[in-house]
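Since the structure comes first, as structure tokens, the remarks are kept for the end.
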Amino acid sequence: MSSAQSEATMADVAHRAGVSVSTVSRTLRGLSTVSDTTRARVEAAARELSFAITRSASSLATGRTGRVAVLMPDLASWFLGSALSGMAPALREAGLDLLVYSVTDVHERADFFDRLPARRNADALLVVSFSLSPAERARLDDLGMPLVFVSQHAPGRPSVYVDDEDAALRGTRHLINLGHRRIAFLQTSDTTGFAWSSKNRLTGHLRALTEAGLEHDESLVMSVPGWKGTGMAAAVGRLLSLQEPPTALFTETDDMAFRLLAALREANVPVPGRVSVMGFDDHVMAGVMGLTTLAQPAVEIGRAAVRLARSVIDDSDGAQERHIVLPTELVPRGSTAPPPAGAGARTRCRTKKLT
């Protein structure tokens with residue numbers, strides 16, 4: 001590369017392309033106000049001169065950074081990774097860079113909200129799967145940038161999510177329709193404040209029991225610790241030792257369902273011969289494992305979040321109050337079946353008659 005090429009300016013590109021400097025700026029920032037013919041001419045001139053507009057120059061001209069930041073608790077989660085894989089290409093197509101803040105424990109969380117590193121580093125912040133305290137929400141408001149909430153409903157804020165309560169309601173209905181009357185719900189035991197979906201999914205599960213006239217047995221709602229330790233095996237032991245053990249187990253996520261299937265296999269409990277198992281997500285391995293689940297479109301959630309963020313950045317009418325609710329779908333597979341003959345007879349005797 002020659003010295004002249006390395007020192008090329010926007011004015012040089014404008015002269016080479018036969019357009020104004022402002023047209024070069026609009027073209028290289030990807031604005032739609034430039035015709036295809038002019039865009040091709042400017043881009044060719046820029047290539048010939050080895051010129052590329054910098055983010056700092058663009059920011060000075062527009063007040064924008066050309067970046068969207070994402071705050072999420074864990075990159076190892078299948079759902080979060082899938083949502084991120086939907087965001088990345090959508091941002092790339094829009095000419096925006098992606099800045100990810102992964103906060104994995106309470107110490108990193110406290111540090112993030114203390115320092116607010118996203119300040120002035122992005123044009124919008126996507127808050128993914130965070131159950132925020134009022135103080136944390138107020139701190140994010142201090143960023144002075146648009147916020148979009150992802151995989152959670154935020155009243156009065158732009159958000160993209162699925163109806164967790166309705167999905168869990170339909171999932172439990174499926175188990176009830178198969179004949180199950182003793183249905184356990186296993187949720188994540190979370191002490192870090194990252195949990196976001198468990199409460200709504202449990203609410204939907206309990207609504208389905210009420211709808212069917214079934215009693216709520218607190219012993220059938222169980223919190224299970226994270227990946228480490230023997231929490232799932234202990235939970236299975238407690239459930240199977242009840243006087244009337246459940247015939248179906250509904251887990252908050254597919255990841256939990258996989259751990260549950262492993263624990264049941266270790267205990268020589270056949271699925272679905274003795275107990276049925278249902279998850280939530282439609283993890284990429286759910287089909288391989290034959291897991292009945294509630295499918296949510298994780299990748300599309302990421303894409304929709306980017307579309308909404310772009311609307312908010314552009315200050316489109318109503319964008320600040322817009323909510324995008326994406327559908328879920330029950331996917332029945334081999335892990336669920338009618339309960340064993342005679343199971344739950346006493347429970348059925350206590351079931352209210354439906355009209």
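Reckoned from all heavy atoms, side chains included, excluding hydrogens, waters and symmetry mates.
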> For His216, does the NE2 atom sit with more than 12 other heavy atoms under 6.0 Å from it, leaving out its own atoms?
Replying inline: yes
> Any side-chain heavy atom of Val277 within less than 4.5 Å of one from Thr292?
Replying inline: no
>> Other residues, nucleotides and ligands only: do more than 12 of their heavy atoms fall within 6.0 Å of CD on Glu266?
In response: no
> Below 4.0 angstrom, N of the basic side chain to O of the carboxylate: do Arg303 and Glu300 qualify?
Replying inline: yes
>> Would you say that more than 12 heavy atoms from the other residues, nucleotides or ligands in this model lie under 6.0 Å from the CG of Asn177, or not?
In response: yes
>> Quick one about Thr253 and Asp281 (side-chain donor to acceptor, distance below 3.5 Å, no hydrogens or angles considered), yes or no?
In response: no
> Any ion pair linking Arg137 and Asp141 (charged N to carboxylate O, less than 4.0 Å)?
Replying inline: no
>> So, taking the atom named CE in Met72 and the one named CZ in Phe130, what distance separates them when rounded to the nearest 0.5 Å?
In response: 9.5 Å
> Between Glu165 and Arg207, is there a side-chain N and carboxylate O pair less than 4.0 Å apart?
Replying inline: yes
>> Tell me whether Asp164 is salt-bridged to Lys199, with the criterion being a basic N under 4.0 Å from an acidic carboxylate O.
In response: no
> Any side-chain donor-acceptor pair under 3.5 Å between Gln187 and Ser223?
Replying inline: yes
> Considering residues at least two apart in sequence or located in another chain, which fulfil the ring pair (Phe, Tyr, Trp, His ring centres under 6.0 Å) criterion with His180?
Replying inline: none
> Thr247 and Arg274: side-chain donor and acceptor closer than 3.5 Å?
Replying inline: no
> Does a side chain donor of either Asp217 or Ser219 reach within less than 3.5 Å of an acceptor in the other side chain?
Replying inline: yes
>> Here's one to test your reading of the geometry: is the NZ or CZ of Arg201 within 45 degrees of the ring axis of Phe280 and under 6.0 Å from its centre?
In response: yes
> Should the ring pair Tyr161 and His153 be called parallel, tilted or perpendicular, given that the plane angle runs from 0 to 90° and is split at 30 and 60?
Replying inline: tilted
> Can Met289 and Leu261 be said to form a side-chain contact (heavy atoms from CB on, under 4.5 Å), step by step?
Replying inline: CA-CA 9 Å; Met289 301 291 288; Leu261 289 171; 4.2 Å; yes
Identify each donor-acceptor pair in which a side-chain atom of residues 79-94 lies under 3.5 Å from a protein atom, sequence neighbours left out, and give them as a table.
residue, atom, partner, partner atom, Å
Ser82, OG, Trp78, O, 2.9
Ser82, OG, Trp78, NE1, 3.4
Ser85, OG, Ser82, O, 2.6

